[in-house]
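As structure tokens, the structure follows; a few thoughts come after it.
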Amino acid sequence: MAEQMSDVVTYEVTEDGVAIIRADNPPVNALGYQNRLGLWNAIEKFDADATAKIALVHCDGRTFFAGADISEFGGVRADPLLPQVCDRYEAATKPVVASMHGTSLGGGFEMGLASHYRIAQKKSKVGLPEVHLGIIPGAGGTQRAPRVMGAANALEAITTGRHMSAVEAHELGAIDRLDDSGDPLAAGLAYCRELLAEGAGPRRTGERPVPDATPELFAEWTEKVKKTAKGQNSPLYCVEAVSACMLPIAEGLEAERAVSAKTHSDPQRPALVHAFFGERAVNKIPEAKVAPRKLETVGIIGGGTMGAGIAAAALNAGLSVVMVEMNAEAVARGEKNLRRNYASSVAKGRMTQAALDGMLEAKFSTSASYDALADVDLVIEAVFEKMEVKKEVFGKIDAIVREGAVLASNTSYLDVDEIAACTKRPQDVIGLHFFSPAHIMRLLEVVVGDKTAPDVVATGFQLAKMMKKVAVRAGVCDGFIGNRILGAYMKAANMMVEDGADPYEVDAAVRSFGYPMGPFQMGDLAGLDIGYFNRRGKDATRDPETRYSEGFLDRMYENGWLGQKTEKGFYDYAGGARSGPPNPEIPAMIEAERRKLGINAKPFSREDILRRYIAAMTNEAAKVVGEGIALRPVDVDMTSLFGYGYPRWRGGPMHHADAVGLDVILNDIREFAKDDPKFWEPAPLLVKLVEEGRSFADLNKG
Ligand code: 3HC
Ligand code: NAI
């Protein structure tokens, strides 16, 4: 009879002396209090139980422990803590076996490492992904992983946090036995019986040496990680902790605990945990329980930058794709664009040319006629960003595509309701806003119109899931969530430059905040003609009441300095380089522009720049949430992280604003408003939250 050790752990001894310590804590057997308590009680019982000769740690459900319970972070955790539990398992006086399946991650893998023998299902994964949560493996992982796989391998695994196949872990020596039966309990029991028959005793990982742990190795990794961490602290904490494996195990574990304590009080930890839960929270939408429509074939209109990227994303998700272009020549160009998206995969050997050709042969077709779209499940339009073109396209597809298909536009800014209104089925129309390059960038804004049906929204989210993207539900407005907020902080950057800031200093300030590039580098990358047409073109959407601070950008357009594509923009890209020194003609050009406007340049420090940049971002984001364009602040955060290069370790603009203090940011906005009350009009939601002493995080709680 199984005996309850806690609410979620049982203990039972077979007739031949195998003590089964069994956890059942769905969905992922996270090592929360009840699991830790049960595991502790069970190992105490096992050691004292004369009928038990060997213990088997097993989890019911879809996975072995997927790690510590992340939702407990930041609060007071009750004893026994996970490091104590792991140490206790290692100290057991009789052998302990872990049978791992699913995803044995973080504290879960550490439980495995603290056990004396490890068997894993062949298709399962293991890993120490704590680095992504801003912490280190803190339950002995930094000390025990090097002892089973060597220090260099452990450093790689821990600083990248990657999920490793059980097969690779077995090759590295971290797993003793692989099993392919799909029955981890039976396989674990059989392994225990074999070990008993062999007379195996406890085999403590902590007692093993780490021959390749040298001061030189850790010095080398410290330098390496400094270059790649991009402002994130946890990879460096990881190296620091692993380096303690040069010490005897007890001292090493103590050192690990000291580093772990540092990570838990680092503000990057709550920011990264917010990102972890945020990635999942964005799926919690009103339509979450609605069944999506059938989704097997996708028609893509336009084979340009976006169409070709979306086609690759759809093919990679296993969907069949038909690409429609204007004429035979454009069709050929579209297919070429698509193939170009696979070029580096083929060059790097991740995919063979034959496999690519085979996949395209089976799943991809092209046409210059809209008739090819008649039977598809979903159409994604990615033609030029012009309302009249979009309307013409939607009018055509309305007449051709089968009833019940989803009709989507990849528009960046245009009104999805207006597009829907030119069809007889506005309930089937939705915005699916991909980001460039669409087969790589993880964000998908699902833009829900006034009349969009719930199962069409659910289909958008289903598509994102199939493409392994992060979908965020957005309402209709100029630029939706991401581009609308981007517009505000770009505007703030332009105003600062016109008022005296050096654009290179603005870029440097924004990079120092953690973005991979600054706004003017980004402008060069995207092409400065895009912004010019947005301001000056027929479909221009800018508010004529706001200050026009883009004169210097207009001069750049007139000079043909469009950025990377003309080899000159804010920077010089001579010879087609992807980066380069500042364009030496820019400062004088901007100064001439200021003189023309009668502006006396004033100095902006890096701090001034960031204060304005962050204030503009927060204010617009608060408007986006206040108007219901984003469901919650966390939706803005995930949009920024997955589509706009916002540093994950800051959690997102709303999380960051909470950390800075909403009152501090509102004060900044009010100060800046003295010069320009129109642009710096405080968001009503921000004012309200400050008055009520609440935060954006409070709104995420619902
Ligand atoms: N703690 C708390 N909740 C967790 C969790 C954890 N470790 N892991 C997953 N969950 C929750 C998710 O938030 C989600 O909740 P929801 O349904 O309310 O949104 C639910 O469990 C299911 O998770 P997913 O939707 O992510 O399910 P998947 O099947 O797609 O993925 C997984 C499963 C691969 C295990 C993935 O959830 C994952 O990567 N989890 C985190 C693993 C991790 O980082 N472990 C290390 C934790 S830190 C640690 O162990 C510290 C130690 O060193 C002391
Ligand atoms: P692009 O100019 O590279 O490609 C547009 C393609 O559409 C061209 O190949 C053109 O031949 C084709 N096309 C035009 N009219 C057509 C018609 N009536 N029927 C069939 N094909 C037609 O443009 P890009 O960059 O791919 O943009 C497409 C859409 O995606 C735009 O709405 C844009 O705003 C949006 N978008 C662009 C992003 C980017 O970074 N480029 C990011 C997100 C959205």
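Read the numbers this way: they start at 1 and go in the same order the structure lists the ligands and their atoms.
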Short N-O contact, [X] and [Y], less than 4.0 angstrom:
X	Y	answer
R340	E335	no
D266	R269	no
E392	K386	no
K390	E381	yes
D87	R257	yes

So is there a nitrogen or oxygen of [X] less than 3.5 Å from a nitrogen or oxygen in ligand 1?
X	answer
V28	no
T103	no
K284	yes
I135	no

Residue [X] vicinity, atoms of ligand 2 by number, heavy atom under 4.0 Å:
X	value
S412	33 (C), 34 (O), 35 (C), 36 (N), 37 (C), 43 (C), 44 (C)
H433	43 (C), 44 (C)
V393	18 (N)
A382	5 (C), 6 (C), 7 (O), 28 (C), 29 (C)
G302	7 (O), 12 (C), 21 (N)
K390	31 (C), 32 (O)

Would you call [X] and [Y] a side-chain contact if the rule is heavy atoms closer than 4.5 Å?
X	Y	answer
F642	E279	yes
P286	L631	yes
P184	M100	no
M306	S436	yes

Residue part near ligand 2, for L414, under 4.0 Å between non-hydrogen atoms: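 It is neither; nothing of L414 touches ligand 2.
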Region of I301 that comes within reach of ligand 2 [heavy atoms, distance under 4.0 Å]: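 For I301, the contact with ligand 2 is made by the side chain alone.
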What protein heavy atom lies closest to [atom]? Include the residue and the distance to one decimal.
atom	value
atom 31 (C) of ligand 2	V383 O, 3.2 Å
atom 30 (O) of ligand 2	N410 ND2, 2.9 Å
atom 40 (O) of ligand 2	S436 CB, 3.3 Å
atom 25 (O) of ligand 1	R280 NE, 4.0 Å
atom 37 (C) of ligand 2	M306 CG, 3.2 Å
atom 3 (O) of ligand 2	T305 N, 3.0 Å
atom 43 (C) of ligand 2	F434 O, 3.1 Å

Backbone of E256 reached by a side-chain donor or acceptor of S260 within 3.5 Å: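 No, the answer is negative, given that no donor and acceptor are paired below the 3.5 Å cut-off.
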Candidate with minimal heavy-atom separation from [atom], of [options]:
atom	options	result
atom 8 (C) of ligand 2	E325, K386, R333	E325
atom 18 (N) of ligand 2	F384, F435, Y370, Y413	Y370
atom 4 (O) of ligand 2	G304, A308, P437	G304

Flag if over 12 foreign heavy atoms under 6.0 Å of CD, Q84: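 It does: Q84 CD has more than 12 such atoms within range.
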Which one holds for [X] and ligand 1: side chain close, backbone close, both close, or neither close, with close meaning a heavy atom under 4.0 Å?
X	value
T63	neither
D69	both
A68	both

Parallel, tilted or perpendicular: ring planes of Y557 versus F533, cut at 30 and 60 degrees: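 Judged by the thresholds at 30° and 60°, the geometry between Y557 and F533 is perpendicular.
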Geometric class of the H58/H101 ring pair [parallel <30°, tilted 30-60°, perpendicular >60°]: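 Taking H58 first and then H101, their aromatic rings lie parallel (interplane angle under 30°).
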Which ligand 1 atoms does [X] reach within 4.0 Å, using its non-hydrogen atoms?
X	answer
E130	48 (S), 49 (C), 50 (O), 51 (C), 52 (C), 53 (O)
L133	44 (O), 47 (C), 48 (S)
P137	53 (O)
E110	52 (C), 53 (O), 54 (C)
F277	13 (O)

Spatial distance of atom CG (D529) from atom CZ (R536) [nearest 0.5 Å]: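 D529 atom CG to R536 atom CZ measures 14.5 Å (nearest 0.5 Å).
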contact_flag G141 ligand 1 heavy-atom lt 4.0 Å: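 For ligand 1, residue contact (heavy atoms, under 4.0 Å) with G141 is absent.
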Any protein heavy-atom neighbour for [atom] (distance below 4.0 angstrom)?
atom	value
atom 30 (O) of ligand 1	no
atom 11 (C) of ligand 1	no
atom 17 (O) of ligand 1	no
atom 23 (O) of ligand 2	no

Test item, E392 contacting ligand 2 (heavy atom, 4.0 angstrom):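 It does not; every heavy atom stays at 4.0 Å or beyond.
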Cation-aromatic face contact R280/F276, 6.0 Å, 45 degrees: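 Judged by the rule, R280 and F276 form a cation-pi pair.
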